[in-house]
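Reckoned from all heavy atoms, side chains included, excluding hydrogens, waters and symmetry mates. For ligands, and for the atoms within them, numbers begin at 1 and follow the listed sequence.
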Amino acid sequence: MINIRKLIYPWRYLFLSLCCLLLITACNTLAPNTQSDNKSLKVATDPTFIPFEFQTPQGELVGFEIDLMRAIAQAVGLTVNFESLPFDGMISTLQAKRVDAAISGITITKERLKTIAFSRPYFKAGLAITVREDNQDIKDFNSLQEKKIGVQIGSTGADFAKTIPNAKIITYNSGPDFFQDLHNGNIDAVISDAFATLYAVKNGNLKGLKVVADLLTEEYYGIATPQNSPHLDAINKGIDIVLSNGTYKQIYQKWFNVEPSQLPVELPLK
Ligand code: ARG
């Protein structure tokens, strides 16, 4: 005699599998603009880097690089989903491909190019020394010897500080904290990105501090991606478009009130 139950059970699984498949297909067709599709980029940023990226008291993410990233993506038909990450974790997150890109005043360096990729440069930057307003003796690289210097972990400022003879380097997780310590007299100087610091000093966010006029380095920021990223070409194309159609200049002037610097297409780094 044929056992009906035994006969039906295998078909039941097939039926169930077909239903699941149908459901998945339907979901994908009805909601094409979700995270996993290639129309939207997941972009990491560290929103403690005024005015490049920061949060308003209402919690809204704003800044030069927020506007710029959105404009670049829009120019090539993409949208952006920002994800906040500490600066120090950005490179490993990119290496693990947990985000599509990162924009956070990230300097293009030879060392970093060994593990991640960068777009063409979109911002001319450089390191500067910040001291208390009444400081008279720290004026240049040589006067930093044997001083207590604050830097952000994992930054180009931290790398630079290592080259100063007999300096005592104090590292900080977040940029703004070292300025507080400098103000309190716990450290003698900070080495960090000049543009961001000048902005903060000018806009009264940093009281009692001054930036030493001469820059220590010339650096360029790039949008970082994992190596062999499928999005890098589109990002570069987006930068080309916003540079040539005036959008870049408009965003630059909105945040910095000055003409943007000339940018090279490529850096002589590799
Ligand atoms: N330009 C420096 C670097 O690449 C520091 C950038 C700091 N950025 C930030 N979002 N805190 O190392």
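- Remark: ligand 1 and Gln152 share an N or O pair separated by less than 3.5 Å (distance only, no angle test).
- When each of Tyr122, Phe123, Tyr199 is paired with Phe52, the ring-ring contact (aromatic ring centres under 6.0 Å, His included) condition holds for Phe123 and for no other.
- Counting only distance, with no hydrogens or angles, the side chain of Gln74 and the backbone of Gly238 share no donor-acceptor pair below 3.5 Å.
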Derivation and outcome, ring pair (Phe, Tyr, Trp, His ring centres under 6.0 Å), residues Phe64 and Phe54: CA-CA 9 Å; Phe64 168 74; Phe54 59 102; over 10 Å; no

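- The pair Lys147-Asp137 meets the salt-bridge criterion, with a side-chain N (NZ, NE, NH1 or NH2) lying under 4.0 Å from an Asp/Glu carboxylate O.
- The shortest heavy-atom distance from Tyr221 to ligand 1 is under 4.0 Å.
- For ligand 1, the atoms sitting less than 4.0 Å from at least one non-hydrogen atom of Asp46 are 9 (C), 10 (N), 11 (N), numbered in the order shown with element in parentheses.
- Contacts between Glu65 and ligand 1 below 4.0 angstrom, taking non-hydrogen atoms only, are absent altogether.
- Taking all heavy atoms of Met90, Glu53, Arg112 into account, the minimum distance to atom 4 (O) of ligand 1 is reached by Arg112.
- Using a 4.0 Å cut-off between a side-chain N of Lys or Arg and a carboxylate O of Asp or Glu, Lys162 and Asp159 qualify as a salt bridge.
- With Asp193 contributing its side chain and Ala196 its backbone, the two residues share no donor-acceptor pair below 3.5 Å.
- The shortest contact between atom 8 (N) of ligand 1 and any protein heavy atom is with Ser104 O, 2.9 Å.
- At the top of the distance list for atom 6 (C) of ligand 1, counting protein heavy atoms only, stands Gly105 O, 3.2 Å.
- Close contacts of ligand 1 with Ile106, meaning ligand atoms under 4.0 Å from a residue heavy atom, involve 4 (O).
- Counting heavy atoms only, Asp193 comes closest to atom 1 (N) of ligand 1 of the residues Leu85, Asp193, Ile153.
- Atoms of ligand 1 found under 4.0 Å from any heavy atom of Thr156, numbered from 1 in the order shown, are 1 (N), 2 (C), 3 (C), 12 (O).
- When only modelled atom types and interatomic distance are considered, Glu83 and Thr45 share no side-chain donor-acceptor pair under 3.5 Å.
- Residue Ser155 has no N or O atom closer than 3.5 Å to an N or O atom of ligand 1.
- Ionic pairing of Lys249 and Glu259 is present here: one or more N-O contacts between side-chain nitrogen and carboxylate oxygen are shorter than 4.0 angstrom.
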